Amino acid sequence: MSKKQTIEKSESQHNPFYFGRKNYQLMLVGLALILAGFLLMLGPDANTVDGKLDPNAWNEDIFSIRRIRIAPLLVISGFVVQVFAILKRNK
């Protein structure tokens with residue numbers, strides 16, 4: 001067995017976990033982005049005006065930039081960060 005193989009073997013036995021501290025930090029960032037995106041999607045329904053359901057009314061706020069563009073972008077970016085955190089190699 002060469003010296004390099006011995007060093008690699010001892011290093012692999014030293015750290016039995018696949019994920020390191022940086023991986024978990026990135027996972028928490030991704031989770032925060034996903035949560036923020038879903039929280040930005042919250043709000044009244046299309047038929048809710050002043051907190052009351054009115055089938056004859058229409059609430060235009062469901063088409064706001066916050067709900068249509070920003071919130072889904074945050075959710076998708078959160079999932080991308082999660083994938084990157086899982087695939088990032090622990091040194």
Side-chain angles (χ1 to χ4, degrees):
M1 197 178 298
S2 71
K3 187 176 182 179
K4 186 176 180 180
Q5 289 174 340
T6 307
I7 291 172
E8 289 176 359
K9 196 175 208 183
S10 66
E11 286 178 0
S12 65
Q13 290 174 352
H14 183 265
N15 191 1
F17 297 111
Y18 180 75
F19 294 134
R21 182 180 178 101
K22 187 74 172 174
N23 295 88
Y24 288 116
Q25 288 173 344
L26 285 171
M27 284 182 192
L28 287 175
V29 168
L31 186 63
L33 286 173
I34 293 169
L35 183 65
F38 278 113
L39 288 176
L40 285 176
M41 283 188 219
L42 289 176
D45 293 337
N47 295 334
T48 304
V49 177
D50 296 328
K52 296 179 182 175
L53 182 63
D54 184 8
N56 298 322
W58 181 254
N59 187 356
E60 288 291 327
D61 286 340
I62 64 167
F63 299 117
S64 68
I65 295 294
R66 174 181 60 104
R67 286 183 169 181
I68 298 295
R69 302 281 183 199
I70 298 172
L73 182 67
L74 281 176
V75 172
I76 291 171
S77 63
F79 282 119
V80 169
V81 170
Q82 289 287 356
V83 169
F84 178 74
I86 291 170
L87 295 179
K88 185 177 181 310
R89 190 162 198 106
N90 190 10
K91 292 182 181 179

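Note that these values count all heavy atoms, side chains included, but never hydrogens, waters or copies made by symmetry. Since the structure is predicted, the reported quantities are computational estimates derived from the model, not experimental observations.
Rounded to the nearest 0.5 angstrom, F19 CZ and Q25 CD are separated by 14.0 Å. Distance CZ/R66 to CG/L39: 10.0 Å, rounded to 0.5 Å. Between the CD1 atom of I68 and the CD1 atom of I70 there is a distance of 11.0 Å, given to the nearest 0.5 Å. Distance check: I76 CD1 to L33 CG gives 12.0 Å after rounding to the nearest 0.5 Å. Note that the CD atom of Q82 and the CG atom of N23 stand 11.0 Å from one another [nearest 0.5 Å]. Note that CD1 of I62 is 10.0 Å distant from OG1 of T48, once rounded to the nearest 0.5 Å.
Cluster membership check: F84 does not share its hydrophobic cluster with Y24, using side-chain heavy-atom separations under 4.5 Å among Ile, Leu, Val, Met, Phe, Trp and Tyr.
The minimum heavy-atom distance linking L74 with G37 is given by the pair CB-CA, 3.9 Å. Smallest separation of non-hydrogen atoms from L40 and A71: CB-CB, 3.8 Å. Nearest heavy-atom pair, L26 versus A85, reported as atom, atom and distance to 0.1 Å: CB-CB, 3.5 Å. Across M27 and I86, no two heavy atoms sit closer than the pair CE-CG1, 3.9 Å.
Although no hydrogens or angles enter the test, the distance criterion places a donor-acceptor pair under 3.5 Å between the side chain of N59 and the main chain of D61.
W58 and F63 have tilted rings, their planes meeting at an angle from 30° to 60° on a 0 to 90° scale.
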